[in-house]
Amino acid sequence: MMRRLDKFNWGWASLPFLLLCWVLVASRFPSYILPQPWEVMAEAQRWIADGSLLQHLKASLLEEAGGFALATLVALLLGTTAGLFRRFRDFISPLNSLFMAIPPVAWAPLTMIIFGLGYWSIVMVIFIAAVFPMAITMQEGIQSIRNGEVRAARTLGATPLQMIVHVYMPASLPFFTAALRIGFSQAWRALVAAEMIGASKGIGWMVSMGGQIGNTNQVLLGIVIIGLIAWLMESLVFKRLEKHYQTWRAH
Amino acid sequence: MTNHNGLTMANSQPVQRVAATLAIDSINFSYPNGHEVFRAFSLEAKPGEFIVLLGPSGCGKTTLLNLLSGFQKPASGTITINGAPVRPEMPELGYVFQSPQLFPWLNVLENVRFGLRMQNRLSAKEQTEKALHYLALVGLDQAADKLPYQLSGGMQQRVSLARALALEPALLLMDEPFAALDAITRNNLNEETLRLWSELGQTVVFITHDIDEAIFLADRVVVLEIAPGGIHSELAIDILRPRSNLGTRKLPRFIEYRTALMEKIADVVHANLSVL
Ligand SMILES: Nc1ncnc2c1ncn2[C@@H]1O[C@H](COP(=O)(O)OP(=O)(O)OP(=O)(O)O)[C@@H](O)[C@H]1O
Ligand SMILES: [Mg+2]
């Protein structure tokens, strides 16, 4: 009996537990303050039926994709350069710490003045949120490459270009996938926050608008979707990617 | 053709016998912090010769191999392989490091194939065949699909040896490659090194601080002085080949060489102590 309990993965129990708590707490409040899960489900059906959920989801995902892609490119450049050259690393690391200390959403009012309300102002906030933690992780990846591997490759005749393709890149791949995961989740958090401040569509907008008109169903639906997307990306894409490339590094 | 495990080698091919002349001509070398390691140091290795450099810890063995492989440059003097100044990338040069330095993201076969892939002179199929050939020579063709972390230390060092040999270097530098292994594994790999060398015939410069290992392997043992210095003395090892762990190590002559080298090393260390 004890054995079987030990083997049971308790992770599976957490979601039902959360739902149970929700139901119990919600039963003590009127539904315009805290609705039951099934009421939120009914709200979801309405949003799906008239196509507006898809529309908002699409807007958010497009912004996420744009900001995340831009951040990945720039982080790759910054992180690799900082990893390879000590002087550049010394120069960039105070800037890195400075920008990481500022909550990304604090930039939202500024980007909205510069880029106007809409796609690009949100993309810029996402970019700022994701680029620095990604750059640092990639820099650590390059720095973690052992001198011995580099020397071995040179005596095996690798040219400088081959060194990059066949040693530096594969050796830092596990860090690269970790950077992608970190960057995506940072970007997603910033996206929702930025949409809540100033946007006319998107999941974040859905939540803040729900609050303003007093539709708690809408608020909770938004929150569930935000969590669901983050969880799906994390466990279905990034965790697998990382696991795939990290088996050899653990030893 | 069969290897020492009695396994038939499907892809045996004629092995090129190429050997280089290594010439070190009165080199001087100091580290940037001013620590002087070599002063007017000269040494020559004849084609196909197996030279063992023997010296106590800190005498500059690793520094010398870094110079011989071109990772570091002497302040003056020249180091040439077949007359050409050394560079780490030159194809004549093979290097087996103190620790295996395998690429952990590549499997054993791909590790051995790495150099051939960089050269890209052979077709992919020929590269794989050649890599398998050298893996079989070190007795590890069965482990081709494994990742490095799945191998023992001794097996990893074997792969490292196969990886260097696959490029058929005319000069093989070995920096205490078996020092981290247990005595039994070390003796086995010593025997294996000699077997490979007698088949392939390249020039070898092997570094160690183990006297028995030096005698067992060498045509000539060169005893190094503690830095800054040069050569303390040399000893030609006149023991018949092929040598074997069971036979060679208990020969009276082996014991004599051991005594002689122990005295030389004691002399090196003692001379240094009186300086301090
Ligand atoms: N990067 C460096 N800067 C300054 N001095 C160094 C450096 N590397 C080594 N040395 C010094 O040079 C001398 C020779 O070092 P080296 O590593 O070549 O010795 P070794 O014979 O290989 O020793 P061991 O058997 O312990 O490996 C030592 O006195 C060492 O302290
Ligand atoms: Mg050393």
Side-chain angles (χ1 to χ4, degrees), chain A residues 76 79-80 83-87 90 137-182 237-251, chain B residues 62 65-66 68-72 86-108 110-121 127 131 146-151 153 156 159-169 171-175 177:
Chain A
L76 193 59
T80 315
L84 290 175
F85 304 103
R86 194 182 51 81
R87 283 186 197 154
D90 292 346
T137 312
M138 289 180 186
Q139 172 197 318
E140 281 168 0
I142 298 283
Q143 281 182 274
S144 77
I145 297 168
R146 289 176 308 171
N147 191 28
E149 286 161 8
V150 173
R151 286 168 45 122
R154 281 188 68 188
T155 61
L156 294 166
T159 62
L161 184 64
Q162 287 176 325
M163 293 295 293
I164 292 176
V165 177
H166 295 287
V167 181
Y168 283 100
M169 275 175 32
S172 54
L173 205 58
F175 284 84
F176 184 77
T177 55
L180 288 183
R181 178 172 60 78
I182 293 164
V237 182
F238 293 117
K239 278 268 169 63
R240 289 187 183 195
L241 204 62
E242 230 170 294
K243 213 168 162 189
H244 180 71
Y245 287 113
Q246 240 158 12
T247 37
W248 53 263
R249 236 338 154 196
H251 301 268
Chain B
T62 298
L65 275 204
N66 282 336
L68 292 189
S69 53
F71 281 115
Q72 253 151 353
V86 281
R87 284 178 303 113
E89 295 82 6
M90 74 199 300
E92 289 87 346
L93 190 76
Y95 201 140
V96 183
F97 296 87
Q98 202 156 347
S99 57
Q101 307 295 8
L102 300 177
F103 304 115
W105 57 89
L106 297 178
N107 70 19
V108 165
E110 288 301 317
N111 262 284
V112 177
R113 198 168 81 105
F114 188 88
L116 298 166
R117 234 169 99 210
M118 298 302 106
Q119 275 191 345
N120 202 21
R121 281 204 215 107
Q127 290 174 15
K146 292 224 162 77
L147 282 171
Y149 76 84
Q150 295 169 311
L151 305 182
Q156 288 187 24
V159 176
S160 176
L161 186 58
R163 184 176 68 174
L165 291 176
L167 287 175
E168 296 173 348
L171 172 68
L172 189 60
L173 304 177
M174 303 178 83
D175 182 9

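Because only heavy atoms are used, hydrogens play no part in the values below, and waters and symmetry mates are left out as well, while side chains stay in. Computed from a predicted structure; not experimentally measured. Order of the sequence lines sets the chain letters (A, B, ...), proteins ahead of strands, with each chain counted from 1.
- Residue B:Leu116: no heavy atom, backbone or side chain, is found under 4.5 Å from chain A.
- Separation of atoms CE (A:Met163) and CE (B:Met118) is listed at 9.5 Å; rounding is to 0.5 Å.
- Separating the CG atom in A:Leu156 from the CD atom in B:Glu89 is a distance of 10.5 Å, to the nearest 0.5 Å.
- Side-chain contact between A:Arg146 and B:Pro104 is present, with heavy atoms from C-beta onward closer than 4.5 Å.
- In this structure, chain A has heavy atoms under 4.5 Å from both the backbone and the side chain of B:Arg163.
- A cation-pi arrangement is found for A:Arg151 relative to B:Phe71, the charged atom lying closer than 6.0 Å to the ring centre and inside a 45° cone about the ring normal.
- Here CZ of B:Phe97 is found 11.0 Å from CD of A:Glu149. Values are rounded to the nearest 0.5 Å.
- Rounded to the nearest 0.5 angstrom, B:Phe114 CZ and A:Gln162 CD are separated by 7.5 Å.
- Neither the backbone nor the side chain of B:Asn120 comes within less than 4.5 Å of any heavy atom of chain A.
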